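See below for the structure under consideration.
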Number of protein chains: 2
Amino acid sequence: MAPNRTSPDLSFLLDRTSHVLRTRMAAALGEIGLTARMHCVLVHALEEERTQIQLAELGDMDKTTMVVTVDALQKAGLAERRPSSTDRRARIIAVTEKGAEVARQSQEIVDRVHADALASLPDDEREVLLRALDRLVTGHLAEPVEAARPARRARQ
Amino acid sequence: MAPNRTSPDLSFLLDRTSHVLRTRMAAALGEIGLTARMHCVLVHALEEERTQIQLAELGDMDKTTMVVTVDALQKAGLAERRPSSTDRRARIIAVTEKGAEVARQSQEIVDRVHADALASLPDDEREVLLRALDRLVTGHLAEPVEAARPARRARQ
DNA sequence: TATTGTTATACTCTATAACTATA
DNA sequence: TATAGTTATAGAGTATAACAATA
């Protein structure tokens with residue numbers, strides 16, 4: 001939602017572009033049965049042996065969200081939980097052969113959706129856009145302000 | 001959440017910047033007891049006589065979300081519901097004197113948060129960033145892809 | 001005592017459905 | 001019949017709390 005649409009302001013521009021891009025990404029990945037999270041986990045799990053906690057951190061997810069994401073990957077036959085050889089509490093997420101193939105496809109989809117969005121911009125604008133956003137992400141907009149959450153009551 | 005952080009991709013950049021800016025905006029507006037939505041409604045209601053539906057459309061909110069937003073503004077003494085003189089179904093949202101003063105403050109806050117974020121960028125980059133985002137919003141990323149929602153069952 | 005992964009579930013957010021009054 | 005506003009609540013998404021196994 002736009003805080004104020006009278007002047008095209010930064011909040012509106014960022015909210016709107018990220019939201020629309022997200023819906024496009026979800027629709028495109030949905031065609032091969034993936035969510036953005038599943039794609040994210042697949043790609044990072046392929047890079048090297050990683051535990052659920054490590055993958056959760058990389059994808060900026062809660063560990064409980066990670067559980068359902070891995071459940072979905074496992075159910076789809078794209079990844080498996082394997083006991084870590086060094087820590088019996090931890091599970092290594094191993095990508096299956098099918099999972100590796102799907103990850104290749106999903107990365108293509110992600111790249112295409114991004115390329116499609118950026119294609120409408122002149123070359124020089126595209127470059128500056130990415131550089132400026134990166135500057136914001138690593139600089140002034142690096143850290144979210146955490147909201148004061150009301151304490152949750154204990155479960156029954 | 002970032003779909004993939006290995007290469008700095010557009011999804012991650014937009015999601016992250018919009019999310020962090022949103023938390024900063026929420027924190028800043030929260031100091032004077034406003035949400036972004038309340039600010040949005042106040043500003044648009046000040047411009048001219050508008051009904052809840054009109055304000056909802058401007059802020060890209062559902063009419064039911066508008067009800068609670070106006071409730072909050074009314075409870076805070078910042079706006080009132082007045083019967084429309086031309087349509088007895090409709091309510092004009094009238095901003096109180098206090099509401100107008102708060103809207104002035106909140107607009108200052110919004111402008112400051114935006115200025116702070118953009119201040120870290122070189123002048124030319126800042127301009128191109130805003131132009132490029134605007135191009136995306138009005139062009140390739142104008143329309144969200146609507147997700148297929150499962151039909152909701154009737155209420156009891 | 002702290003941490004990994006898990007289950008259960010509290011909470012928030014949003015929007016659909018249903019309703020009343022009016023057009 | 002259609003629309004403005006309202007109420008109630010379903011459903012999705014997310015994260016906290018508690019727990020078992022292990023460090």
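Chain naming here is simple, since letters A, B, ... match the order of the sequence lines and numbering starts at 1 in each. These figures come from a predicted structure and were not determined experimentally.
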Atom [atom1] of [X] to atom [atom2] of [N]: distance rounded to whole Å?
X: Arg50(A); N: dT4(C); atom1: CZ; atom2: P; value: 15 Å
X: Leu55(B); N: dT6(D); atom1: CG; atom2: P; value: 12 Å
X: Lys63(B); N: dA8(D); atom1: NZ; atom2: P; value: 16 Å
X: Arg153(B); N: dA12(D); atom1: CZ; atom2: C1'; value: 15 Å
X: Met61(A); N: dT16(D); atom1: CE; atom2: P; value: 16 Å
X: Ile53(A); N: dA15(D); atom1: CD1; atom2: P; value: 14 Å
X: Gln52(A); N: dT3(C); atom1: CD; atom2: P; value: 17 Å
X: Met66(B); N: dA15(C); atom1: CE; atom2: C1'; value: 15 Å

Those residues of residues 74-94 of chain B lying under 4.0 Å from DNA chain C by at least one heavy atom: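 The answer is Asp87(B), Arg88(B), Arg89(B).
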Could you see if [X] belongs to whatever hydrophobic cluster contains [Y]? Use Ile, Leu, Val, Met, Phe, Trp, Tyr and a side-chain cutoff under 4.5 Å.
X: Leu136(A); Y: Val145(A); answer: no
X: Leu55(B); Y: Val68(B); answer: no
X: Val128(B); Y: Leu133(B); answer: no

Distance below 4.0 Å between Arg37(B) side-chain N/O and dT14(C) OP1 or OP2: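 Yes, such a contact exists.
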Phosphate-side-chain proximity, Gln54(A) and dT4(C), N/O vs OP1/OP2 below 4.0 Å: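 So the side chain of Gln54(A) is outside the cut-off, no N or O lying under 4.0 Å from OP1 or OP2 of dT4(C).
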Which one, [options], comes nearest to the side chain of [X]?
X: Ala154(B); options: dT16(D), dG5(D), dA17(C); answer: dA17(C)
X: Arg152(B); options: dT7(D), dA4(D), dA8(D); answer: dA8(D)
X: Asp62(A); options: dA15(C), dT16(D), dT6(D); answer: dT16(D)

Side-chain donor/acceptor of Thr51(B) to base of dA4(D), under 3.5 Å: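 Result: no qualifying N/O pair found.
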Residue among Glu57(B), Arg81(B), Arg91(B) satisfying side-chain hydrogen bond (donor to acceptor under 3.5 Å, both in side chains) with Gln52(B):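 Between Gln52(B) and the candidates, side-chain hydrogen bond (donor to acceptor under 3.5 Å, both in side chains) is satisfied uniquely by Arg81(B).
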Close side-chain approach of Gln107(B) and Val43(B), heavy atoms under 4.5 Å: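 A side-chain contact exists here, since the closest heavy-atom pair is under 4.5 Å.
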Within-4.5 Å side-chain heavy-atom neighbours: His39(A) and Met25(A):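 Result no, sub-4.5 Å side-chain heavy-atom pair not found.
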Given Val95(B), Thr69(B), Thr35(B), the one that forms side-chain contact (heavy atoms from CB on, under 4.5 Å) with Val41(B):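 When side-chain contact (heavy atoms from CB on, under 4.5 Å) is applied between Val41(B) and each of Val95(B), Thr69(B), Thr35(B), only Thr69(B) qualifies.
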